[in-house]
Amino acid sequence: MARLFGLETEYGIIREDTETSDPVIESMELVRCHHRPFRADWDYGGEDPKQDARGFRAKILQQEEEELEFEEKDRHRPFSFHEMKSDLMLGNGARFYNDHTHPEYSTPECATLVSLIAHDRAGERILLDCAKKRNQLLGAADAVQLYKNNTDFHGHSYGCHDNYLLPRHVPFGDLATHLIPFLVTRQIFAGAGKVGIEKGNDYRQEGYQLSQRADFMEVEMSIDTMHERPILNTRDEPHANREHYRRLHLIIGDANMSEFATALKVGTTALMLQLIERGLSPKSAALATPVESVQALSRDVSLRNPLRLSDGRSIAPIDHQRLYLDAAKSAFSGGDTETRWILENWETTLDVLGNDPMQLVDRLDWVAKKWLLETFIDAEGTDWQDSRLPGLDLEYHNIDPERGLFLGLELEGAIHRLVTDEAIALAMDTPPMDTRAGVRGMIVSKFLKDIHKIQWEKITFQGGIIKPVYSLDQLFEPQAVQKEMERIRKCQSVDELIGV
């Protein structure tokens with residue numbers, strides 16, 4: 001089947017021109033600075049966050065109490081629910097909205113890593129353009145600052161979720177058995193790095209760790225995303241035909257600034273899922289205590305401390321990833337160009353991590369950030385207890401190129417790139433032409449005024465009591481996508497589009 005994936009990124013938002021601000025309002029106003037006029041047309045009717053992939057529907061979510069508190073506060077705001085969400089489906093196939101206290105950008109469905117990275121970076125540029133417009137309206141050039149990271153260093157975490165299309169016939173139990181241990185050690189190349197340790201609302205500036213999200217992982221599996229955060233999220237919202245497909249929604253990942261780290265994170269996971277689908281995943285990689293291991297490993301920048309396997313043996317983190325690499329090499333060594341890129345760079349990265357991780361300063365976020373912080377420490381004659389370090393950590397993720405430390409390295413040519421600025425600029429307005437996002441983006445651009453409600457897999461148009469519906473829930477194969485886009489190009493009306 002088609003290999004499709006996407007990223008959802010919640011951005012940190014700060015107002016620097018005022019002592020107090022409402023993050024809900026700030027996120028809402030930022031989204032509404034997008035050049036596409038806001039309309040309350042997102043269809044929430046098909047969303048069911050209580051449907052669990054393990055085969056049941058949850059009676060209650062752990063986060064509902066907090067959401068009720070949000071609703072109580074929202075009643076005092078002079079906006080409707082839809083106004084506060086300010087939910088936009090963009091012409092490039094992406095979704096952009098206010099996730100209560102964070103602006104969130106969801107890439108369109110992508111079929112290649114290069115496409116995904118271009119659209120992920122396009123999200124940064126779109127949000128930056130909105131911030132500039134918002135600051136113009138506020139009359140203060142640097143008032144609103146945006147951060148592509150995962151923590152405010154006060155116990156609050158927000159996510160970068162990677163999503164994958166899977167066939168429904170793959171048992172969820174198999175996904176849990178084989179994917180959880182893989183995700184624990186994936187952070188050795190996918191982590192974004194962090195100063196200090198967080199537990200609840202307690203932040204301790206103790207050393208440096210690989211991952212921003214590891215501190216917030218509490219259970220192996222759960223349907224929740226804000227409380228009892230799981231290594232493997234069990235929410236079952238396929239955004240496709242439920243009989244044939246499922247969507248794997250992973251919330252453990254860090255928000256990566258590095259294109260290389262993003263590509264390796266998503267690419268290795270995609271291959272891992274194909275191994276599970278074929279029954280070829282390593283059988284002896286299960287960890288005895290995954291939650292404890294994900295946090296212990298994050299705090300072990302030496303990558304030397306062994307992890308305990310469920311059979312009682314111990315294994316080094318890099319060797320644990322090699323179990324999956326070796327299985328993938330056996331299964332996919334004759335694969336396409338992108339698969340070969342994943343395998344080659346997966347192996348090279350593990351080799352270098354085992355020798356000298358700092359050689360990956362141009363490719364991995366946690367290494368690049370560590371190098372920046374150590375350079376600062378040496379230049380200032382200070383240590384890891386310096387109170388300025390969390391601020392520098394945060395500025396690594398600033399998406400303003402005049403302030404962002406990562407973007408500064410990138411502008412200097414010190415960071416390995418996978419896509420061009422021209423490709424990113426194109427992705428800001430153009431959807432992937434080889435996935436259903438191209439179809440949806442074309443319809444949004446061509447028939448926006450006729451749309452009544454929209455979601456990932458369905459578009460409902462204006463009409464009478466029974467409104468006409470266009471479905472994308474099985475439109476995944478590239479040839480079918482191309483054929484449909486050619487048809488839509490010729491359509492002059494909604495009636496012609498839906499075949500009335």
Side-chain angles (χ1 to χ4, degrees), residues 6-11 13 23-51 63 67 70-71 74 77-109 119 122-123 126-127 130 158-159 161 163 225-226 235-242 247 249 428-429 431 435-463 466-473 475 494 497-498:
L7 291 169
E8 307 165 84
T9 304
E10 301 169 13
Y11 285 76
I13 185 168
V24 175
I25 302 301
E26 293 306 323
S27 296
M28 180 192 79
E29 295 292 356
L30 181 91
V31 173
R32 296 177 76 164
C33 282
H34 189 270
H35 59 76
R36 194 208 123 174
F38 161 70
R39 293 183 350 197
D41 52 14
W42 185 263
D43 184 0
Y44 299 96
E47 298 183 1
D48 185 2
K50 293 184 178 180
Q51 190 62 43
Q63 61 225 38
E67 288 175 347
F70 287 158
E71 289 179 13
D74 290 344
R77 296 184 173 101
F79 306 101
S80 69
F81 171 80
H82 283 279
E83 286 175 324
M84 280 189 288
K85 294 292 283 188
S86 299
D87 220 318
L88 306 179
M89 182 63 78
L90 308 184
N92 70 347
R95 181 186 178 191
F96 181 31
Y97 68 108
N98 168 29
D99 190 8
H100 207 262
T101 58
H102 298 277
E104 179 163 338
Y105 184 88
S106 299
T107 69
E109 306 92 322
H119 280 276
I126 288 170
L127 267 79
C130 290
Y158 32 98
H161 307 161
N163 297 272
T225 58
M226 295 166 61
R235 180 183 296 179
D236 190 5
E237 283 184 338
H239 297 317
N241 186 306
R242 182 175 292 275
R247 175 179 64 110
H249 178 64
M428 291 175 70
D429 297 306
T435 76
R436 71 178 186 181
V439 174
R440 192 178 54 247
M442 183 179 290
I443 292 174
V444 168
S445 297
K446 194 168 185 176
F447 299 110
L448 177 63
K449 64 180 177 59
D450 300 303
I451 293 174
H452 172 63
K453 294 289 182 184
I454 189 169
Q455 54 185 248
W456 293 103
E457 72 275 22
K458 183 175 71 174
I459 301 173
T460 305
F461 290 96
Q462 306 284 359
I466 301 177
K467 300 183 185 301
V469 174
Y470 179 92
S471 176
L472 301 92
D473 68 354
L475 191 59
V494 171
L497 174 68
I498 63 176

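Every value quoted in this text rests on a predicted model; they were computed, and no experiment measured them.
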Just say parallel, tilted or perpendicular for the rings of Trp456 and His239, cut-offs at 30° and 60°.
tilted

Under 3.5 Å, is there a donor-acceptor pair between the side chain of Arg39 and the main chain of Ile451?
yes

Just wondering, do Met442 and Pro431 contact through their side chains at under 4.5 Å, heavy atoms?
no

Checking side chain to side chain contact (heavy atoms under 4.5 Å, CB included) against Tyr470, which of Leu475, Ile454, Thr460 comes through?
Leu475

Might you work through the side chain to side chain contact (heavy atoms under 4.5 Å, CB included) test for Leu90 and Val444, ending with a clear yes or no?
CA-CA 7 Å; Leu90 308 184; Val444 168; over 6 Å; no

Quick one: sort the Tyr44 and His82 rings into parallel, tilted or perpendicular, breaks at 30° and 60°.
tilted

Nearest heavy-atom neighbours spanning Asn92 and His119:
O-CE1, 3.8 Å

Go through Arg95 and Glu8 one step at a time and tell me if the side chain to side chain contact (heavy atoms under 4.5 Å, CB included) criterion holds.
CA-CA 9 Å; Arg95 181 186 178 191; Glu8 307 165 84; 5.9 Å; no

Within this structure, what is the CD1-CD1 distance for the pair Ile459 and Ile498, rounded to the nearest 0.5 Å?
11.0 Å

Considering only heavy atoms from C-beta outward, does the side chain of Val24 approach that of Phe79 to under 4.5 Å?
no

Residue pairs involving residues 28-38 (criterion salt bridge (Lys or Arg N to Asp or Glu O under 4.0 Å); sequence neighbours excluded)
Arg36-Asp41

Determine, stepwise, if the pair Tyr97 / Glu104 fulfils side chain to side chain contact (heavy atoms under 4.5 Å, CB included).
CA-CA 5 Å; Tyr97 68 108; Glu104 179 163 338; 3.3 Å; yes

In the structure I gave you, are the side-chain heavy atoms of Arg436 and Glu457 within less than 4.5 Å of one another anywhere?
yes

Please list, chain by chain and in numerical order, all residues satisfying salt bridge (charged side-chain N to carboxylate O under 4.0 Å, His left out) with Asp429, sequence neighbours excluded.
none

Measure the spacing between CD of Glu10 and OG of Ser106 and express it to the nearest 0.5 Å.
9.0 Å

With a 4.5 Å cut-off on side-chain heavy atoms, are Glu237 and Gln51 touching?
no

Is there a side-chain contact between Thr101 and Tyr158, using heavy atoms and a 4.5 Å cut-off?
no

From CA spacing to verdict: side chain to side chain contact (heavy atoms under 4.5 Å, CB included), Lys446, Leu497:
CA-CA 11 Å; Lys446 194 168 185 176; Leu497 174 68; over 6 Å; no

With a 4.5 Å limit on heavy-atom distance, are the side chains of Lys85 and Asp99 in contact?
yes

Minimum heavy-atom distance Gly463-Pro468, with the two atoms named:
CA-CD, 4.3 Å

Considering all heavy atoms, the nearest Met89-Ala94 contact:
SD-O, 3.1 Å

Using every non-hydrogen atom in the two residues, find where Pro238 and Arg242 come nearest and quote the distance to one decimal.
CD-NH2, 3.4 Å

With side chains defined as the heavy atoms from C-beta onward, is the minimum distance between His34 and Phe96 less than 4.5 Å?
yes

Smallest separation among heavy atoms of Pro103 and Ser27, with atom names
CD-OG, 3.2 Å

In terms of side-chain geometry, is the basic nitrogen of Lys458 or Asp473 positioned less than 4.0 Å from the acidic oxygen of its partner?
no

With a 4.5 Å heavy-atom cut-off, do Pro108 and Thr435 have their side chains touching?
no

